[in-house]
Amino acid sequence: MERLRSACRLLSQGRRQGLGGHGPRLIYSKTGVWPVTNDELSHSTKKDVDEFWKDKYRSPCQKLSQDDGGGLGKKYVLSMFPYPSGKLHLGHVRVYATGDAMARFYCHRGYKVIHPIGWDAFGLPAENAAIDSGEMPDRWTYANIQQMKEQLLELGCSFEWQREFATCDPEYYKWTQWLFLRLFQAGLAYQEEALVNWDPVDQTVLANEQVDEQGCSWRSGAKVERRFLRQWFIKTTRFSKSLLDGLSDPMLENWRDITKIQRHWIGDCGGYRVEVSVVGEEQDTRARETQEMEGEGDNTHKEGQGVPSIARLDLWMAQPELLHGIAFIGVRSGHALDAEAHRRCCRAGHQLLTVSAVCPISQRKIPVITSDSLPYAEDADIYVGIPCVSKLDADISRECGFTVPHVLENDKLVNSGELSGLRPEEARQQVAQRLLEARAGGFETSAKLKDWLISRQRYWGTPIPIIHCPSCGAVPVPEDQLPVELPSITHFPKRGISPLKEAQEWLRCPCPKCGQESERETDTMDTFVDSSWYFLRFLDPQNSRQPFHHDLQDTLMPVDLYIGGKEHAVLHMLFARFMQHFLASEGLVSHWEPFRRLVMMGMVMGTAYRVKDTGRYLTTNQVDFSVEPPVELGTGAPLVITTEKMSKSKHNGVDPQEVLEKYGTDTTRLLMLANFAPASARSWSEETFPGIFSWQNRLWMTVAEFIEARQGIKDSIGTISAEEREEHEQHLWHARNHSLSNITYVMEHTHQLNAAISFMQALTISLRKVPMITMLSEEFERTLAAQIIMLSPLTPHFASELWAGFSSVAACPSIKKELPLTEQPWPEVDQDYPLPLRYSIPGEEPQQVKVPRRELDTLTPARALQLVSAEEGFQQHLQGRTVLETYLKILPGLRASVSFTYSVHDLARAKEALKKKKEEKKKQKLEKRLKRKQGTIK
């Protein structure tokens, strides 16, 4: 009591001195006494609480040793690592607050938790900053990393900072280069001249996936040009079928829309890849070889200019066994081969070319034509003419004077070498195997998916570890010479010129094979290569001998919860899955799929004000809100008011730092996590804030009153009868178990944190409803303890302060008050609390039977059927039917579901029961309609 009086004197003194909300607040953790005040919980007090607890709980999760992973199991929680732009935006806050809440929840549940963070640090913004400000990309990037790291610490995230790395660290990109060499050795990384997407603003190549539906760059927004350029590709198509089939892996949880998006992008793998070399007339070939050897001229050609050197065509064939029956190959106008120097003559509306394709098995030369009238497969720019299965192809072959191979007779192959005499379906696997052995395709793929273009004409990226020798060609850098580090630079040239081309000391080097003076590859890798495997490196970030230890990935992969923006559903997700499938095929990893469960976050939206006539976006300072609807300040021009994705250009962004400074860490987290499901776009509106502030205030008051009741500070807390006491305690018992079972289910299985918050708010209402004398009961104590522990993952600092005050007077022996909040075990539903056993009857709403937890956790299919069969509705449904199989799924301590398969043994009786059910439902609808009508009349 003396400590309480002392705290009250200090508080009064502070008020008299005019400190108010700006002076030192007195929180329990500083004074040992819960402050006595009738005022609303201030934001300054909440910020004091955040500050006090932040240093204590930055990384509370149980750490894994190098060979650990047993016990209750592991949970690898990974939020997509950020690009270090220098400042967090609200989208970052939403992602990292969600990931942190889940990591903390799993810690309370007793899992071994992996929760790393790093930086996707290569990319164009650093180069553009160097051009604009003169600050070199490395210094700009690392300064931004430090600034964003401080912001993440301010957000209270429990990252394992000992796992931190940046993709621009040589210790990291050494292994990115090592992976490239593995791909190169497997024939999956190759260089060829191709028609590519060129961003005229950022002066670099874009992958097909980085061009939007309007033909604009995903980053700069500029209209993309088409140019011919010698580029590096990764053969993602080699794993098309594997990637498509992997989407049906039962391990994948909650992929939903992402599965559809990836299936659409990959396409139907109903054919095979066949790679044919291209040869031209002898003199043209010599000229191209001379130009390449001497390195004359610019190797970039705008569409329709120059004579690009195309060494290969990638065909898509639904029937690769008819390879010997190809009469011609067609390409669209604008294709790399459609150059003036290649045009021979025009026949029947088709342009014949001087180049030919070479069959990879028979070495037969196949004519190539340019034509837009051929029935190309969707998204394909190459057509394979096979007269034996197409009258159109036969007609074109005759009109153009091509030889028409005869390869099918009586449903068997003829004139097809070793395939002759086989049925087409018998020959298919043989020819596919021959092509695979020749590294000329032979794998199942779609006509839609293209190989991954990874070349980027810039400095700030992972150098491609290839040396170009005049004699040996493209030679891989020996592994013991990795990493090929970026050269240090002191100035940055204008856009479009990579400093690597000017770094002569770095550029020139001996050929690893013959020792002749050669040059390094000056293209760097697309940043999506860096992020295609980072989740593996997080498991073993200090390993200097290999990218990761095999045993660690075997134990700790796949990622259990992967959290990030839905906009990465195609680009990053596809490339990361490809890299995992490749590594699995090489025996380097044990799991074919890298991510078990996805939480794809919706965008954070803000209100935008746009002048109706000009389309110009305004800041809020330029809007006159004194009239309705608002108009442009000064001009009175009408506005279009919309809710759009936050961006600087639309002046509708909110700086998270301002929110943190105003409301504090935990309040900001709650504001971001409440009210909206993670996958939905959320509008940032202060209209939703009062509900959160009020809830925090009620929680604070509840702990204050609990302490007062337990310490006997109040003169009287009332009296109630034994019956009333039992009624209130039963109400709390039900509220605690009901909230606990639902919150645990939501956190563990759906990750809808907004729903979890709603259940927590309902539990607070239950705690506030009972009379103060009930606070002396063990049931109230258990319920309040559960409330604070369940709040902890969302607001670890605020909840820790509540726990400190609560545990100072708690007396229940089942509460481990000697442990700090972050080490408290997650509460369990009581054994005698009835939990739902859910089942469905066709044509009706889902039904349920309540079963005590002790029975539900050990339920058998036979007992589940027995319980459900006691229900009248199910008995009616069973008329004329016999249950064949019972399928039971139990989530211990939470709920269970059961489903059945039936056989009909009395069709007439079953039909009669169905008819009766329909009539009953119709009657119920009419009764409801009548009641609504009567209510309207009244």
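Throughout, numbering of the chain's residues begins at 1 and tracks the sequence. Nothing here was measured: the structure is a model prediction, and the numbers come from that model.
- No side-chain N or O of D120 forms a donor-acceptor pair with one of T527 less than 3.5 Å apart.
- Counting only distance, with no hydrogens or angles, the side chain of Q191 and the backbone of Q231 share no donor-acceptor pair below 3.5 Å.
- Between W232 and H468, the angle of the ring planes lies from 30° to 60°, which puts this pair in the tilted group.
- Judged by distance alone, the side chains of E479 and W178 do bring a donor and an acceptor atom under 3.5 Å apart.
- Considering every non-hydrogen atom in both C511 and V475, the closest pair reads SG-CG2, 4.0 Å.
- With values rounded to the nearest 0.5 angstrom, K149 atom NZ is found 13.0 Å from C157 atom SG.
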key: Stepwise ring pair (Phe, Tyr, Trp, His ring centres under 6.0 Å) test for Y172 and W533   = CA-CA 11 Å; Y172 179 83; W533 72 283; 4.7 Å; yes

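- The pair E275-R312 meets the salt-bridge criterion, with a side-chain N (NZ, NE, NH1 or NH2) lying under 4.0 Å from an Asp/Glu carboxylate O.
- A side-chain donor-acceptor contact under 3.5 Å links E127 to the backbone of W460.
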ask   = Are I258 and Q262 close enough, and set up right, to give a side-chain contact (heavy atoms from CB on, under 4.5 Å), and what steps lead you there?
value = CA-CA 6 Å; I258 309 306; Q262 293 235 332; 4.3 Å; yes

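- A donor-acceptor distance shorter than 3.5 angstrom exists from the side chain of Q177 to the backbone of P463, with no hydrogens or angles considered.
- Other residues, nucleotides and ligands contribute over 12 non-hydrogen atoms within 6.0 Å of the CD atom of Q504.
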task = For S471 and Q516, run side-chain hydrogen bond (donor to acceptor under 3.5 Å, both in side chains): C-alpha distance rounded to whole Å, both residues' side-chain angles, the deciding distance at 0.1 Å, then the answer.
result = CA-CA 8 Å; S471 301; Q516 186 177 351; 2.7 Å; yes

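- Aromatic ring orientation, H568 versus H572: perpendicular (interplanar angle above 60°, classes split at 30° and 60°).
- Of the possible donor and acceptor atoms, none in the side chain of R508 sits under 3.5 Å from a partner among the backbone N and O of R520.
- Between the side chains of D100 and S158, a donor-acceptor pair is found at a separation under 3.5 Å.
- For the residue pair Y617/E644, the side-chain donor-acceptor check at 3.5 Å is satisfied.
- In this structure, OG1 on T522 lies 7.0 Å from CG on L507, to the nearest 0.5 angstrom.
- In this structure, the side chain of E521 does not engage the main chain of I467 through any donor-acceptor pair within 3.5 Å.
- Ion pairing of E192 with R230 is absent here, as no side-chain N (NZ or NE/NH1/NH2) approaches a carboxylate O to less than 4.0 Å.
- Between D381 and H335, the shortest heavy-atom distance links the atoms OD2-CD2, 3.9 Å.
- Taken from CD in E593 to CG in L243, the straight-line distance is 7.5 Å, to the nearest 0.5 Å.
- Using a 4.0 Å cut-off between charged nitrogen and carboxylate oxygen, D523 and R456 do not count as a salt-bridge pair.
- Of the possible polar contacts, none joining the D540 side chain to the R537 backbone as a donor-acceptor pair under 3.5 Å is found.
- Side-chain atoms of S242 and H581 include a donor-acceptor pair closer than 3.5 Å.
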query = Passes side-chain hydrogen bond (donor to acceptor under 3.5 Å, both in side chains), Q580 versus H591? Steps please.
reply = CA-CA 8 Å; Q580 186 78 7; H591 311 274; over 6 Å; no

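- Surrounding NZ of K650 are more than 12 heavy atoms belonging to other residues, nucleotides or ligands, all under 6.0 Å away.
- The existence of a salt bridge linking R273 and D451 is confirmed by a sub-4.0 Å separation between a basic side-chain nitrogen and an acidic carboxylate oxygen.
- Taking the six-membered ring for Trp, F159 and H115 have ring centres closer than 6.0 Å.
- Side-chain contact, H264 with K448: a donor N or O sits under 3.5 Å from an acceptor N or O.
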request  = Any chance you could lay out the ring pair (Phe, Tyr, Trp, His ring centres under 6.0 Å) test for F538 and F165, step after step, and finish with the verdict?
outcome  = CA-CA 8 Å; F538 272 140; F165 59 75; 4.6 Å; yes

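- The side-chain contact (heavy atoms from CB on, under 4.5 Å) test with V529 is passed by exactly one of F122, F180, Y173, W452: W452.
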